[in-house]
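Here the structure comes first, spelled out in structure tokens, and everything after it is commentary.
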Amino acid sequence: MNNGNIYSGKENQDTIGSFKECKIALNVVKLLRANEIDVRRVSLIQPNLRILTKKDGKLNWDILKKENTIDVQTDTAKFHVDFNSMKVKKLVIKEASISYQDMVSKLAIAIPKLNLNLSASDDKKQTVFKVDCTTEQMAVGSDIYKVVKDLKTYLKTDLVLNKTTRELKLSDTKLELNDIAFDLEGDFKKVPKEKKVSVNLKAFLKVPSLETLWLALPRKYLNIEDVDIDGLAQLELSTTGFWEVEVYQYLKEY
């Protein structure tokens with residue numbers, strides 16, 4: 001499929017995404033016999049995704065949560081798909097552009113360029129998602145003030161979902177922010193009897209010395225070149241909190 005658009009809402013009034021090219025390899029037998037979409041590989045070239053939290057707190061991208069249905073329009077076809085379930089084993093995204101805006105909190109996130117390789121393996125005890133992702137020129141903030149600008153990231157990790165405890169844990173993780181390396185660990189846990197997911201993440205700076213850290217900083221942010229630096233560097237970033245109903249539903253239903 002080429003030059004497609006994806007819609008949500010009644011009468012397709014909300015465009016949530018588009019793509020230049022999409023290739024899908026799926027299990028035709030399951031689709032015909034059980035109306036199940038079992039996708040072995042999806043490749044998206046230059047997709048553009050627009051995620052919006054509206055003033056009433058509702059998302060424009062929850063098209064697959066309440067109804068198993070999706071609308072797609074391309075240069076040559078327009079179609080509506082209904083299905084019982086959908087599984088994707090491998091997802092490849094090249095040169096994506098993603099924007100998120102929360103009209104309640106005024107938070108805005110822009111990712112002009114993203115590349116992603118995502119694969120999933122499954123057994124009775126757990127599901128493992130292998131993630132390899134890079135972004136460039138990421139910006140985080142509001143319409144008035146940008147907290148983060150021109151951030152380049154690299155993330156490689158295994159996300160392990162325990163089917164019994166419903167805990168999602170990071171494993172074998174590599175994180176780089178503007179070419180500065182971090183160790184990253186953490187987990188996401190369903191809160192008993194509440195529609196919440198607890199989030200615990202920690203990142204540790206992987207730099208043996210202040211001199212190494214200084215050399216790793218982007219030169220465009222520095223006006224001083226001839227500096228003698230000695231000593232050790234230690235930095236820990238952590239976040240603890242809760243995600244509300246939307247994330248809880250996905251973790252519960254997967």
- Task: In sequence, state the C-alpha distance, the side-chain angles, and the governing distance for Met103 and Thr53, and then conclude on side chain to side chain contact (heavy atoms under 4.5 Å, CB included).
- Result: CA-CA 6 Å; Met103 299 184 70; Thr53 299; over 6 Å; no
If two hydrophobic side chains count as joined below 4.5 Å and joins carry through other members, does [X] share a cluster with [Y]?
{"X": "Leu159", "Y": "Leu161", "result": "yes"}
{"X": "Val131", "Y": "Leu201", "result": "yes"}
{"X": "Val140", "Y": "Leu49", "result": "yes"}
{"X": "Leu205", "Y": "Val148", "result": "yes"}
{"X": "Phe19", "Y": "Ile45", "result": "no"}

Rounded at 0.5 Å granularity, tell me how far [atom1] in [X] sits from [atom2] in [Y].
{"X": "Arg50", "Y": "Ser97", "atom1": "CZ", "atom2": "OG", "value": "12.5 Å"}
{"X": "Ser198", "Y": "Lys190", "atom1": "OG", "atom2": "NZ", "value": "11.5 Å"}
{"X": "Leu44", "Y": "Lys23", "atom1": "CG", "atom2": "NZ", "value": "11.5 Å"}
{"X": "Asn3", "Y": "Cys22", "atom1": "CG", "atom2": "SG", "value": "12.0 Å"}
{"X": "Leu114", "Y": "Ile98", "atom1": "CG", "atom2": "CD1", "value": "4.5 Å"}
{"X": "Lys94", "Y": "Lys20", "atom1": "NZ", "atom2": "NZ", "value": "12.5 Å"}

- Message: Could you walk me through whether Thr173 and Leu155 satisfy the side chain to side chain contact (heavy atoms under 4.5 Å, CB included) test, starting with their C-alpha distance in whole Å, then the side-chain angles of each, then the deciding distance to 0.1 Å, before giving a yes or no?
- Response: CA-CA 7 Å; Thr173 300; Leu155 174 66; 3.8 Å; yes
- Could you walk me through whether Asn178 and Lys152 pass side chain to side chain contact (heavy atoms under 4.5 Å, CB included), step by step? CA-CA 5 Å; Asn178 285 346; Lys152 180 173 70 172; 3.5 Å; yes
Within the structure provided, determine whether [X] and [Y] are in side-chain contact (heavy-atom separation under 4.5 Å).
{"X": "Val160", "Y": "Phe129", "answer": "no"}
{"X": "Glu185", "Y": "Leu170", "answer": "no"}
{"X": "Met138", "Y": "Ile111", "answer": "yes"}
{"X": "Lys113", "Y": "Glu95", "answer": "yes"}

Any idea which heavy atoms bring [X] and [Y] closest together, and the distance?
{"X": "Lys130", "Y": "Asp158", "answer": "NZ-OD2, 3.1 Å"}
{"X": "Ala181", "Y": "Glu176", "answer": "CA-CG, 4.1 Å"}
{"X": "Thr157", "Y": "Ser171", "answer": "OG1-O, 3.3 Å"}
{"X": "Lys55", "Y": "Val104", "answer": "O-CG2, 3.9 Å"}
{"X": "Glu167", "Y": "Lys189", "answer": "OE2-CE, 3.3 Å"}

- Message: Under the criterion side chain to side chain contact (heavy atoms under 4.5 Å, CB included), I'd like the reasoning laid out for Leu177 against Leu151: C-alpha separation, chi angles, the key distance, then a yes or no.
- Response: CA-CA 7 Å; Leu177 304 177; Leu151 179 63; 4.2 Å; yes
- Message: We want to know whether Thr135 and Tyr154 form a side-chain donor-acceptor pair, criterion being a heavy-atom distance below 3.5 angstrom.
- Response: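 Not at all, the side chains of Thr135 and Tyr154 share no donor-acceptor pair under 3.5 Å.
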- Message: Quick check on side-chain contact (heavy atoms from CB on, under 4.5 Å): which of Ile93, Val92, Leu118, Leu91 does Val42 satisfy it with?
- Response: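 Among the candidates, only Leu91 passes.
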- Query: Any chance NZ of Lys90 has more than 12 other-residue heavy atoms, nucleotides or ligands included, within less than 6.0 Å?
  - Reply: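 It does: Lys90 NZ has more than 12 such atoms within range.
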- Query: So with a 6.0 Å cut-off around NZ of Lys174, is the heavy-atom count from everything else above 12?
  - Reply: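 At most 12 heavy atoms, drawn from other residues, nucleotides or ligands, come within 6.0 Å of this atom.
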